[in-house]
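Chain letters run A, B, ... following the sequence lines, proteins first, then strands; residues in each count from 1.
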Amino acid sequence: MHYWLMKSEPDEFGIDDLVGARGQTTSWFGVRNYQARNYMREMQLRDRAFFYHSSCPEPGIAGIVEITKLAHPDVSQFDATGNYYDPKATREHPRWFNVDVKLVERTRFVPLAQLRVQPALAGMVILQRGNRLSITPVTAQEWKLIMRLMARRAGAA
DNA sequence: GCCAACGTTGGC
DNA sequence: GCCAACGTTGGC
């Protein structure tokens, strides 16, 4: 069992959208970065991930999801009219893959700023300078600590 | 809106 | 294979 962090822009698809989605499940399509894609291909069923809001007024972790379908070809790469079209991809040789995830829990929101002040999270991938990866691994220790933060009352450091 | 950091593209 | 130019990400 491995842990991950997956970014989404709430303007596009936020935790509210996941809560309201059919089966509280969504296909994580649209990833167009090889490293993030490779991480999705490593994901196993029942791995868990933090659902992270990025590019918004208050970035941070908004929930927990579980991998319910292993990586499979991302259909959006074949749609010539869509934003995620990749002319170099073919059905025989797809380039992009995605997993499906299901909501486990909408958590207390943990802002990025709160993650940054935890000494034990100093090595966390998304906190590293210049990191832009939309999908990153999270260590078991990091996961545990963030779970503890979520259990605290709002506003506590 | 700014800008640092990073990934990708394409000419050579 | 190098690397400059360009586009994107994402926090602030």
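- For A:Y3, the ring pair (Phe, Tyr, Trp, His ring centres under 6.0 Å) partners at least two apart in sequence or on another chain are A:W143.
- Grouped by direct or indirect side-chain proximity (heavy atoms under 4.5 Å, Ile/Leu/Val/Met/Phe/Trp/Tyr only), A:I15 sits with A:W4, A:M6, A:F13, A:L18, A:V19, A:W28, A:V31, A:Y39, A:M40, A:M43, A:F51, A:V65, A:I67, A:V99, A:V101, A:L103, A:L133, A:I135.
- Among residues two or more places apart in sequence or in another chain, the side-chain contact (heavy atoms from CB on, under 4.5 Å) test is passed with A:L145 by A:Q118, A:A120, A:L121, A:R148, A:L149.
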Q) Can you give one letter per nucleotide of nucleotides 2-12 of chain C, going 5' to 3': B for a protein heavy atom under 4.0 Å from the base, S for sugar-phosphate only, - for none? A) -----BBBBSS
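- Evaluation of the ring pair (Phe, Tyr, Trp, His ring centres under 6.0 Å) rule for A:F29 yields A:Y84 as partners, not counting sequence neighbours.
- Annotation: side-chain hydrogen bond (donor to acceptor under 3.5 Å, both in side chains) contacts of A:Y85 (sequence neighbours excluded): none.
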